Amino acid sequence: MTSLIYFECKKIFGNFKWLILVGIIIVKAVITYSSLNVSADFSIEIYKDYISQLSQMSQTEAELYVPKEAQRIESIVGAKVQMENDYSSGAVTLDEYKAYMKKYYEADSKSAAFAVIQTRYEQFFKLDRSERVWYYDLEWRAFGNMLSLDFCLLFALFIFCIPVYCREYSSGVHTLNMVSKNGRVKLHIAKLLVIIMSSLLFALLIYSVDFAVMGAKFGFENYDRPLRAMIDHGSAYDSMSILKFFVLQSLSKALWAVCAALSLSVISVIAKNIVISTVISAAFILIPVVTVPSGSKLNNYCIGVGLKGSKYHVNLLTPLANILIWLAITITVMLILYPIHKKSAVQNVQKK
Amino acid sequence: MELKFRNVSKSYGKKEALKNFSVTMKEGVYALLGPNGAGKSTLMNCLSDLITPTSGQILFDGKDTRTMGKEFRAIYGFMPQSFGLYGSFTALDTLKYFAKLKDVKNADQKIKELLETVNLTDAVKQKVGGFSGGMKRRLGIAIALLNDPKVLVLDEPTAGLDPKERIRFRNLISEVSFNRVVIFATHIVSDVEAIANKVILLQHGVVIKNTDVTSLLESINGCVWEAKVQNVDEVVAQDSFKISNIAKQSDGAMIRMVSDEKPFDNAVTVAPNLEDVYLYYFDEAANEND
């Protein structure tokens, strides 16, 4: 079986086809990098410290903290002229002056960064109470918006998974395979294993690129921040770190990628033509994304919706269940269509 | 070893491609001879379990080959008339792949021997996509022989091979037929004459003859004539006998004909060959069916 898997991988990735995958990864990296804009604020350590503190607080605590901190900074910075005068006149000692200047430098270094926080705070309180979803950073919000249907992953799945079966029929090798001892059940098993492993590999690579680019831009240390730092995330995940959420989402989408790959193999077994299979597969995955209403139970079975991911919940059981469903469909299709395929393989050969 | 076809029939809708094909084969070379649409490929595909016969059974040593499934495929080798290969694989990759698919033991040694046998040693590292038709056919033969099959079926095996390779192939088939059943379908009667132990004539899915080459030739003894004629066109236009060869000469033409009765006063009988047999039986069968 291992050897058959090796040869199936060779069919998919051999003859420099793996370069296509490298190209897809590069394109993915470029797209991710260029779609994320790091503000000048975010690169400042002080700003990140404030974000970190605020994200640990509840909304009520944050609402109290911001004006208090603003007042503290203003009172310290605003007192500089008076303190200088007092020191010159001898009203304060050198030690007292030094102690004040220390506080002044600390407050002054924070004032610019805090001004940004305060601006957002004021915008926040213009909203109705029901609309106040507290967020701390626009850039991490962009990260949240990255959790959508990844077309680079879809492209990789189409390019590499559809030919696994289609090429056998179009090239006419199907006949030679079928008259071989292991050319039926064992070969099908090998193909399915390769399809599953490849789809997991593609998902791992694609989401690793996201992880690496995001981390490089925003700082890997920021992955430890609570998920509340990102806009729109449900309160159920308040205690989860951004990293954990990202890993779970990526895992969920990787499992959905396996479902997608299995569905592509079923479609390609039925269609037997690469172009037709691609068109049908694209329609099968993408149409439900726009037509099935959100919140509908149908979403549990829509591969396209699963591949999009969700900011509000991470579900590993649903994609796992769908993998089992698609494995059952794949086996059923093979068993039903196999006798028909024997005949059509012969007819194709006879036509040639 | 015995391969038995018991009333094997195959219909595609109203068209009967194979009708009650009943033949028993033991070790040796069996040639399937017949025009296009005779049912040769249908028979081979039934044996290969690529299509399901409408009725009848195919038994190998008493066991139904369809029931045997994998067990039968382990001792079966087939080279179809048209087949594909993976263009990006080299010849070596292709044979290694099929060796794995066929569960061949000592594959490397076997592959080396087969490459020499089919004269592809120099092209072992070449991609199959760049092979000529003849090279692909030779590779196909090698694939069919990989698992040292007890039943070897070849559909038009020498098509696309040059005369030297065709002779090489014939010798190979003669060597390997010692302890196996070899069935091959061909239009090249010289191949049949050279190596077949038995010839099965097939027309419209029905067996017309199933006998050895000598008996087949004897069956039309006295029916093959040669005569010298002045006006070839007149003779051809008569259409009352089958002409197998016209050799133009300076003072007319020497015509070879197949006919039950003497066609001309100056015609003399000659020893028949398999081309004459083909002409005699297939035209005759066509006339009977009409």
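Computation of the quantities below employed the complete heavy-atom set of this structure, encompassing side-chain atoms and omitting hydrogens, waters and symmetry-equivalent molecules. In this text the structure is predicted, and so the values were computed from the model without any measurement.
A 6.0 Å sphere centred on CZ of A/Phe211 holds more than 12 heavy atoms belonging to other residues, nucleotides or ligands.
At a 4.5 Å heavy-atom cutoff, the contact between B/Lys96 and chain A is made by backbone and side-chain atoms alike. If you measure heavy-atom distances from A/Leu4 to chain B, the contacts under 4.5 Å come from the side chain alone. Residue contact with chain B, scored on non-hydrogen atoms closer than 4.5 Å, involves the side chain of A/Lys17 exclusively. Both the backbone and the side chain of B/Asp93 come within contact range of chain A, each with at least one heavy atom under 4.5 Å from a heavy atom of that chain.
B/Asn147 places none of its side-chain heavy atoms less than 4.5 Å from the side chain of A/Ser180. No side-chain heavy atom of A/Arg184 sits less than 4.5 Å from a side-chain heavy atom of B/Lys70. Residues B/Ile75 and A/Lys181 have side chains not in contact (no heavy-atom distance under 4.5 Å, counting atoms from C-beta outward). Between B/Phe83 and A/His174 there is no side-chain heavy-atom pair separated by less than 4.5 Å.
Taking the six-membered ring for Trp and thresholds of 30 and 60 degrees, A/Phe7 and B/Phe89 have ring planes inclined between 30 and 60 degrees apart.
Taking A/Val185, A/Leu187, A/Val179 one by one and counting their heavy-atom pairs under 4.5 Å with chain B, the maximum is reached by A/Val179.
Taking non-hydrogen atoms and a 4.5 Å limit, the residue list of residues 98-112 of chain B in contact with chain A, ordered by number, reads B/Phe98, B/Lys100, B/Leu101, B/Lys102, B/Asp103.
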With side-chain hydrogen bond (donor to acceptor under 3.5 Å, both in side chains) as the criterion, how do A/Lys11 and B/Tyr97 come out once you've worked through the C-alpha distance, each side chain's angles and the decisive distance to 0.1 Å? CA-CA 11 Å; A/Lys11 287 179 207 172; B/Tyr97 168 71; 2.9 Å; yes

| Can you check side-chain contact (heavy atoms from CB on, under 4.5 Å) on A/Met178 and B/Phe78, steps first, answer last? | CA-CA 10 Å; A/Met178 284 174 64; B/Phe78 177 49; over 6 Å; no

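Between A/Leu176 and B/Gly84 the shortest heavy-atom distance is CD1-O, 3.7 Å.
Interatomic distance, B/Ser88 OG to A/Ile12 CD1, rounded to the nearest 0.5 Å: 11.5 Å.
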Using distance only, find each side-chain donor-acceptor pair of residues 151-165 of chain A under 3.5 Å and give its atom names and separation, not counting sequence neighbours.
unit_1, atom_1, unit_2, atom_2, d
A/Tyr165, OH, A/His188, ND1, 3.3

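Annotation: side-chain hydrogen bond (donor to acceptor under 3.5 Å, both in side chains) contacts involving residues 152-164 of chain A, sequence neighbours excluded, are absent.
In terms of the ring-ring contact (aromatic ring centres under 6.0 Å, His included) criterion, residue partners of A/Phe284 (sequence neighbours excluded) are, by chain and number, A/Trp326.
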